[in-house]
Asker: 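I'd like to ask some things about the structure below.
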Amino acid sequence: MTSPPSAPPRRRALRGPAVTFRADPFLDDPSRALVHEPDALILVEDGHITRFGAFDALRDAIPEGTPVTSYPDCILSAGFVDTHVHYPQLPMIAAYGEQLLEWLERYTFPTEARFADPVHAGQVARRFLRELLRAGTTSAAVYCTVHPQSVEAFFAESARLNTRMVAGKVLMDRNAPDGLRDTPQGGYDESLALIDRWHGRGRQLYAVTPRFAATSTEEQLDLAGSLLRQRDGLFMQTHLSENQAEVDWIRQLFPRRRSYLDVYAHAGLVGPRSVLGHGIHVDEENFCTCHAAGCALAHCPTSNLFLGSGAFRLFDAVDPRRPVRVGLGTDIGAGTSLSQLQTLNEAYKVAQSTGRRLHPAQAFWLATAGGARSLYLDDRIGTIAPGMEADLCVLDPRATPLMAQRAERCETIEDLLFVLMMLGDDRSVRATYVAGELLHDRDAAPQAA
Ligand code: GUN
Ligand code: ZN
């Protein structure tokens with residue numbers, strides 16, 4: 001018997017200036033860590049990158065009939081990675097006046113209560129993912145709500161787009177309004193059912209998601225730790241030491257623990273693939289614990305400035321003597337933009353306020369390869385190289401008249417990247433590719449919703 005003929009590979013090629021990384025620019029010289037190919041070719045086959053290099057060197061390797069899309073005035077980059085974001089909070093972005101704990105009560109919980117309705121959840125999930133792609137973001141670690149249907153809606157939409165996403169049901173069994181609380185056993189059972197339905201299905205990955213220590217009893221945190229051990233490759237996401245009043249509250253709720261971080265460590269929640277949002281009010285001992293455990297901190301500067309939470313000490317976190325993995329998070333809806341470019345703008349200013357200078361290569365590393373590394377997904381996403389998944393964004397450094405006149409003065413790729421991160425936003429995202437498919441084209445005619 002002869003086997004049926006297999007489908008021909010789906011091929012495409014992108015040509016244009018490209019940037020990616022050969023090393024961590026916080027540990028190596030930033031300019032040497034950055035790879036800049038002024039006229040690159042990226043060959044994509046069945047969703048993966050098969051070749052990357054100078055166009056002149058690779059032109060003869062392009063299989064006949066492969067469509068080549070050229071972006072000569074743009075910069076090709078790996079798609080952005082957002083390591084901390086709440087999709088259900090998209091409708092309440094830019095809510096006036098409060099700091100963290102009051103903001104949760106007044107705006108966040110009522111907004112999240114609406115996700116009991118699966119139709120609403122589906123609508124917001126669709127809008128959120130479309131906005132992510134408009135921002136050039138192709139992967140994210142995403143909080144849903146306490147309702148399993150909010151997770152179902154999110155993964156269903158992500159699976160339809162074939163985006164690589166990490167997401168999970170919020171666990172919350174106390175200090176939250178009626179309708180937004182689960183129970184330790186109920187939250188465990190619902191999470192396990194979602195894990196078995198979605199974790200590792202296509203590009204979807206599951207994160208056990210206790211919201212933060214104030215909204216989970218010790219019993220729930222312990223069960224979350226036990227959940228993590230039930231299946232391979234699960235993620236864990238939560239919030240850590242974001243706001244001083246929150247830190248004081250956690251000390252009252254868990255008087256026997258050495259620190260806020262120790263509350264999570266005691267429950268078995270701190271290890272590889274654990275992503276802790278914020279980590280502002282932490283000390284050297286906490287950084288050492290994070291380094292030893294291999295967990296990651298998600299730096300969310302627009303959120304931290306918006307809520308007046310404080311300044312993340314990025315350069316202390318990544319100190320080469322005991323570097324902690326750090327990714328960049330938009331933290332919508334406390335964050336004020338889904339754009340990683342805008343998030344880098346604020347990260348630069350926060351670093352300045354602590355007396356440090358965030359080099360553009362370090363900035364773009366955080367938004368791409370560093371984010372992927374903090375999620376332990378750097379063997380699949382975050383860089384442009386053969387074997388990687390073909391998630392790419394095409395950045396336009398001359399997207400506005402202001403940017404165009406500033407770009408005229410740029411003599412180096414670092415300077416051009418700096419212009420992008422200070423002045424760019426979704427207008428600078430010319431196109432976004434997911435597993436080799438063009439899912440956002442800025443200049444295409446608008447599609448019906
Ligand atoms: N801490 C607990 N929940 C949240 C949330 O939804 N957003 C932020 N920024 N911090 C939190
Ligand atoms: Zn958050």
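Both counts, for ligands and for their atoms, begin at 1 and track the order of listing. All figures in this text were calculated on a predicted structure; none of them were measured in a lab.
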Asker: Output yes when the distance from some N or O of ligand 1 to some N or O of Thr108 is under 3.5 Å, and no in every other case.
Answerer: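 Looking only at distances, the answer is no, because the N/O contact criterion of under 3.5 Å is not met.
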Asker: What do you get for the angle at the Zn ion (ligand 2) between OD1 on Asp331 and NE2 on His86, to the nearest 10 degrees?
Answerer: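 Vertex the Zn ion (ligand 2), arms to OD1 of Asp331 and NE2 of His86: 90°.
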Asker: Quick check: does His278 have an N/O/S atom under 2.8 Å of the Zn ion (ligand 2)?
Answerer: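 It does not: His278 brings no N, O or S atom closer than 2.8 Å to the Zn ion (ligand 2).
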Asker: Should Leu34 and Leu417 be marked as a side-chain contact (heavy atoms from CB on, under 4.5 Å) after you check the CA-CA gap, both sets of side-chain angles, and the distance that decides it?
Answerer: CA-CA 11 Å; Leu34 180 72; Leu417 291 175; 4.1 Å; yes
Asker: We want to know whether Glu414 and Ser31 form a side-chain donor-acceptor pair, criterion being a heavy-atom distance below 3.5 angstrom.
Answerer: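 Yes, a side-chain donor-acceptor pair sits under 3.5 Å.
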Asker: To check your reading of the model: name the closest protein heavy atom to atom 1 (N) of ligand 1, its residue, and the distance in Å.
Answerer: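 Checked against all protein heavy atoms, atom 1 (N) of ligand 1 sits closest to His239 CG, 3.5 Å.
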Asker: Asp331 heavy atoms, cut-off 4.0 Å: which ligand 1 atoms fall inside?
Answerer: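 So the atoms of ligand 1 that pass are 8 (C), 9 (N).
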Asker: Taking a cutoff of less than 4.0 Å between a non-hydrogen atom of the residue and any ligand atom, is Gln89 in contact with ligand 1?
Answerer: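 Flag set, Gln89 near ligand 1.
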Asker: Using ring centroids (six-membered ring only for Trp), state whether Tyr260 and Phe254 fall under 6.0 Å.
Answerer: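 Centroid separation for Phe254 and Tyr260: 6.0 Å or greater.
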Asker: Taking the side chain as every heavy atom from C-beta outward, state whether Leu314 and Leu366 have any pair of such atoms under 4.5 Å apart.
Answerer: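 In contact.
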Asker: Compute the minimum heavy-atom distance from Trp103 to ligand 1 and say whether it is under 4.0 Å.
Answerer: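 It does, in that a heavy atom of Trp103 comes within the 4.0 Å cut-off of ligand 1.
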Asker: Minimum heavy-atom separation for Arg181 to Val146, with atom names?
Answerer: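 Residues Arg181 and Val146, closest heavy atoms: C-CG2, 4.3 Å.
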Asker: Which ligand 1 atoms are under 4.0 Å away from a heavy-atom of His278?
Answerer: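 This gives 9 (N) as the contact atoms.
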Asker: Report whether any nitrogen, oxygen or sulfur of Glu242 sits less than 2.8 Å from the Zn ion (ligand 2) (N, O or S, backbone or side chain).
Answerer: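 Glu242 does not place any N, O or S atom closer than 2.8 Å to the Zn ion (ligand 2).
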Asker: Which residue holds the protein heavy atom closest to atom 3 (N) of ligand 1, what is that atom called, and what is the gap in Å?
Answerer: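 Going atom by atom, the protein heavy atom closest to atom 3 (N) of ligand 1 ends up being Arg211 NE, 2.8 Å.
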Asker: Examine Arg325 relative to Tyr376 and say whether NZ or CZ is less than 6.0 Å from the centre of the six-membered ring and inside a 45° cone about the ring axis.
Answerer: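 Relative to the ring axis of Tyr376, which defines the angle, Arg325 lies inside both limits.
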Asker: Could you tell me if Asn304 and Glu346 have a donor-acceptor pair between their side chains, going purely by distance under 3.5 Å?
Answerer: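 Absent: no donor and acceptor within the cut-off.
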Asker: Distance to 0.1 Å, residue and atom name: give those for the protein heavy atom nearest to atom 10 (N) of ligand 1.
Answerer: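 It is Glu242 OE1, 2.7 Å.
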Asker: Do you see a donor-acceptor pair shorter than 3.5 Å between the side chains of Tyr143 and Gln89?
Answerer: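 No donor-acceptor contact under 3.5 Å links the two side chains.
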Asker: What are the atoms of ligand 1, with element, lying closer than 4.0 Å to any heavy atom of Ala334?
Answerer: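 This gives 9 (N) as the contact atoms.
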Asker: Taking the six-membered ring for Trp and the full ring for Phe, Tyr or His, determine whether the centres of Phe115 and Tyr87 are under 6.0 Å apart.
Answerer: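 Centroid distance Phe115-Tyr87: below 6.0 Å, so yes.
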Asker: Measure from the Zn ion (ligand 2) to each N, O or S atom of Cys300 and report whether any distance is below 2.8 Å.
Answerer: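 No.
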Asker: Of the backbone atoms (N, CA, C, O) and the side-chain heavy atoms from C-beta on, which set of Thr215 has a member under 4.0 Å from an atom of ligand 1: side chain, backbone, both, or neither?
Answerer: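 Thr215 to ligand 1: no contact under 4.0 Å from either part.
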